[in-house]
There are 2 protein chains.
Amino acid sequence: MEARHLRYAVALAEHGHFGRAAGELGIAQPPLSKQIADLEREIGARLFERTRQGVFPTAAGEAFLARARRALEEIAAAEVDAGRAARGETGRLRLGFVASALLDPLPGVLSRFGRERPDVRLELHEMATSRSSPALIAGELDVAITLGPPRGAGAEHLVSVPIGRDHVIAVMSTAHPYAGQPSVSVDQLRRQPLIVSAGEDEPAVVAGLRGLLGRDSSALGGASVARDVHTIIGLAASGVGVGLGPSRMRAVPRPGVRFCEVTPGTPLPDLVLSFAARDHSPVLRAFLDTIRGNCPEVGSALDDRLRSRT
Amino acid sequence: MEARHLRYAVALAEHGHFGRAAGELGIAQPPLSKQIADLEREIGARLFERTRQGVFPTAAGEAFLARARRALEEIAAAEVDAGRAARGETGRLRLGFVASALLDPLPGVLSRFGRERPDVRLELHEMATSRSSPALIAGELDVAITLGPPRGAGAEHLVSVPIGRDHVIAVMSTAHPYAGQPSVSVDQLRRQPLIVSAGEDEPAVVAGLRGLLGRDSSALGGASVARDVHTIIGLAASGVGVGLGPSRMRAVPRPGVRFCEVTPGTPLPDLVLSFAARDHSPVLRAFLDTIRGNCPEVGSALDDRLRSRT
DNA sequence: CTTGGCGATACCTCAAAAATATCGCCAAAC
DNA sequence: GTTTGGCGATATTTTTGAGGTATCGCCAAG
C-alpha cells in the first residue's frame, strides 16, 4: 500500500464523488476508480458504498480513513520536521565550558542563541578544561569552551578557535589606597595580601600569576585562595586584600569594587572554542554563527577552520 | 512522497548498509540508492551520513525516521483495522427491543454475541414496538426486536423475521388451589382476581387477553395492572391473584410460583426481528448469525430474507 | 422513452521503479 | 608500493504500473 492510496481515499471521502475527487487530485476519474478498487482488493473489503446520492465510506472505510488521515499527517510532519532539523531549528546542543566563560562571552551568546533557536535544547555542562576534549572526542559534547587549546589523545580530530584573549587584572575595594590609580604595579602587589583562584580549577591563571610575580613569589605563598572569581571579588570588596584574576572578571557587576590593570601586562591563556572536525550538524553551525556574531576577536579564523576540515 | 520512501529509509537506518537493506527489501542496491537520493532531494537535506563504518542517520534523518516509523505503523494499522471492521469484529450495534425480549431470547443472544464480538460496542435501547420502526428507518437503530411486524411509513424498506412465537400463560403462587393443575381454563380464570400488564406498553397482550376472556370481559375490568412481567409474577407469588402474560415469563427464575398453560391456547403477536433492507454491515450480519444460532424458530426464514433484499 | 450523470471497463501511453553492468573511491591486505 | 575487495553512485536498459482517452452499463429524472 502506498501513500497515494491514502490520499485518494481521503479525497474521495471528502468529496463523496469520484469525478470531483479526481479533479481535486489532479487526475482523471478512471485512475481514481482503479486505485480505489486496488485498495479495496488489497484490504479485502469494500471501503466505499457507491449510491446514486453519492459515495460514502462503509464501517471498514471509516476505520481505514481514521488511520489514513493520521498516517498522512505523520508523513507531512516528517517532511517538516526533517527540514527544520536540517536547518538547525530543532535539535540539541551539548556545551561544555569553563566557569570563567560564564562571565564574559556566554551570557550574551546563550541569550542570543536561545532567541534565535528557541526549539534547540541547550545542555550546559560546566567542566574543567582537561575534561572537555575527551568528552568532545567521545561524542558526549558537541562544543566546548576551554582555557587554551585542547590537548591529549584525539585532539587532532578537533577544530579549535580562540574566541577571547585574556590577561591578569586586579580587583580591590573602592576604599583601598590603590583604588584611585589607573593601574597597579607588580611592586605594589608584592606588598599586599593577595587573593587568587585555586590552582586545581584554573592552573593556567596561577601559572600566569607566578610568571607575573617572579620566581620568588613568596607573596603567592601567603595568598588567600578562592574557588571562583565571585569569591575573589567578594573577598576583595570586603578589604581582605587585592584580588588577582582574569580580565573577564570585569563582567561581574558589583558595587564597591574597582578593577585595575596590572603592569606589566600579563597574558593568560585564550578562551578557546572547539568541536569535532567531522561534526557538520546544522545546530553546531548555527551556534558557531552566534559565536562569531558575539565575539569580535574571532574574525575570519573560524571560517578558515571550517573551510579546511574533513 | 510515497510510503515506499519511508519503508526504504527505515530499512536503511536499521541495517546501516545499502546492500543489506536492499536485500531485506527484496530489491537491488542501485534502486535503493536512487530512492534515498530522491527522498533527500525532496526533503532538501541529507538524511544519512555515508561513512566507511556504515550508514547513519543525520539529525534530520532521525527526525524524519521518527515520523516515518509512526506513519508506517498507522498504515499497517489502517489495513488491520479496516479488515477487522469488514469482518464485523469491531464497530457498533444499536439494538432497540421491547422489554419482554429481555426475558427470553436476549440474555442468551447478548451474552453469546458479547463473547464472540468482544470489540463491538453494543448500544441497547428498550423501547415500545411503535417507536422501533421509525428509528430503524431514520438510521437511529441498526436492528430492532418488536412485538409483531413493523408498520407505518417506510416499513417496506425493512426486513423482518419472526424469531419467537408466543401465547398467553398464567402464573400463580404454588399455594394457589389451581397450582396443581397442568393447565387452567378460561372459566376458572373468570372466577379469579387477575393481574395483567398495562395496556399502553403492550397493547397486543391486552388485546389477546380480551380475546381470550370474551367480549364481556368484566373480569379484566377489575384486574390489577402491572407495568412489567416481573411485577405480575411478584403479585401472583404473593397470592393477590392469577397473573396472565406472555409465555416468555417462564424465563424469569422465581421460587414459589407456578406457570400454567391456559385453555384454550391464545396466541400473542410474534417476537419479530427487523432491520433496514439496505444495511449490509458485517456487524449486523454477525448479529443475525448469533440470532439464528440462538432462536431455533428462525430456521431458514432469515436466509430467505437476506437473499432477496436489495 | 430518452437523456444525462456517474462509476466501471478496455486499451494505450509513458513515467518511473527496478534490474544489470560498471565506475570511483578508499581502506586493508599483500 | 601495488593490489584487492567492499561499498555506494552512476549509466543504461527493462518492466511495471499509474494515468490518460474512449466507451460502456446503469439508473433516475425529465
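A note on names: the letters A, B, ... follow the listed sequences, proteins ahead of strands, and every chain is numbered from 1. Predicted model only: the values in this text are computed from it and were never measured.
Computed from coordinates, the A/R7 CZ to D/dG19 C1' distance equals 15 Å when rounded to whole Å. Between B/M1 atom CE and C/dA17 atom P there is a gap of 13 Å when expressed in whole angstrom units. In this structure, A/K34 places its NZ atom 9 Å from P of D/dG17, rounding to the nearest Å. When the P atom of C/dA16 is taken as reference, atom CD1 of B/I27 falls 17 Å away, rounded to whole Å. Across the protein-nucleic acid pair, A/F48 atom CZ and C/dG7 atom P stand 12 Å apart, rounded to whole Å. Rounded to an integer number of Å, the gap from B/E49 CD to D/dC7 C1' is 15 Å. If you take CZ of A/R20 and C1' of C/dG5, they are 10 Å apart, rounded to a whole angstrom. Remark: P of C/dA16 and CZ of B/R41 are 10 Å apart, rounded to the nearest angstrom.
Considering CG of B/L136 and NE2 of B/H157, their distance stands at 13.0 Å, rounded to 0.5 Å. In this structure, CD1 in B/I75 is found 5.0 Å from CG in A/L6, a value given to the nearest 0.5 Å. Taken to the nearest 0.5 Å, the CZ atom of B/F275 stands 9.0 Å off from the CZ atom of B/R285. Note that the CZ atom of B/F113 and the CG atom of B/L106 stand 12.0 Å from one another [nearest 0.5 Å].
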Using side chain to side chain donor-acceptor pair (under 3.5 Å), reason through B/Q29 and B/S33 one step at a time and then give a plain yes or no. CA-CA 6 Å; B/Q29 169 258 316; B/S33 285; 3.0 Å; yes

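Taking every side-chain heavy atom of A/Q35 into account, D/dA18 is the closest of C/dG7, C/dA10, D/dA18. Residue A/F18 has its side chain nearest to C/dA8 when only C/dA19, D/dT10, C/dA8 are considered. Comparing C/dA18, D/dA9, D/dG20 by their closest approach to the side chain of B/P30 singles out D/dA9. Taking every side-chain heavy atom of A/P31 into account, D/dG19 is the closest of D/dG19, D/dC7, D/dA9.
Note on B/S33: every side-chain N or O is 4.0 Å or more away from OP1 and OP2 of D/dG8. Side-chain N/O atoms of A/H5 include none lying less than 4.0 angstrom from OP1 or OP2 on D/dA18. OP1 or OP2 of D/dA18 has at least one side-chain nitrogen or oxygen of A/R4 nearer than 4.0 Å. Phosphate contact (OP1/OP2 of C/dC6, side-chain N/O of A/R52, threshold under 4.0 Å): absent. Checking the phosphate oxygens (OP1, OP2) of D/dC26, no side-chain nitrogen or oxygen of A/R50 falls inside 4.0 Å. For A/H17, a side-chain nitrogen or oxygen approaches OP1 or OP2 of C/dG7 to under 4.0 Å.
B/Q29 comes within 4.0 angstrom of a base, heavy atoms only. Counting any heavy atom pair closer than 4.0 Å across all strands shown, B/G26 reaches sugar-phosphate atoms only and no base atom. Using a 4.0 Å heavy-atom cutoff across all strands shown, A/Y8 reaches sugar-phosphate atoms only and no base atom.
Under a 3.5 Å cut-off, the side chain of A/R50 and the backbone N or O of A/F48 do form a donor-acceptor pair.
Nearer the 5' end of DNA chain D, as judged by each residue's closest nucleotide, is the contact made by B/V55, out of B/V55 and A/D38.
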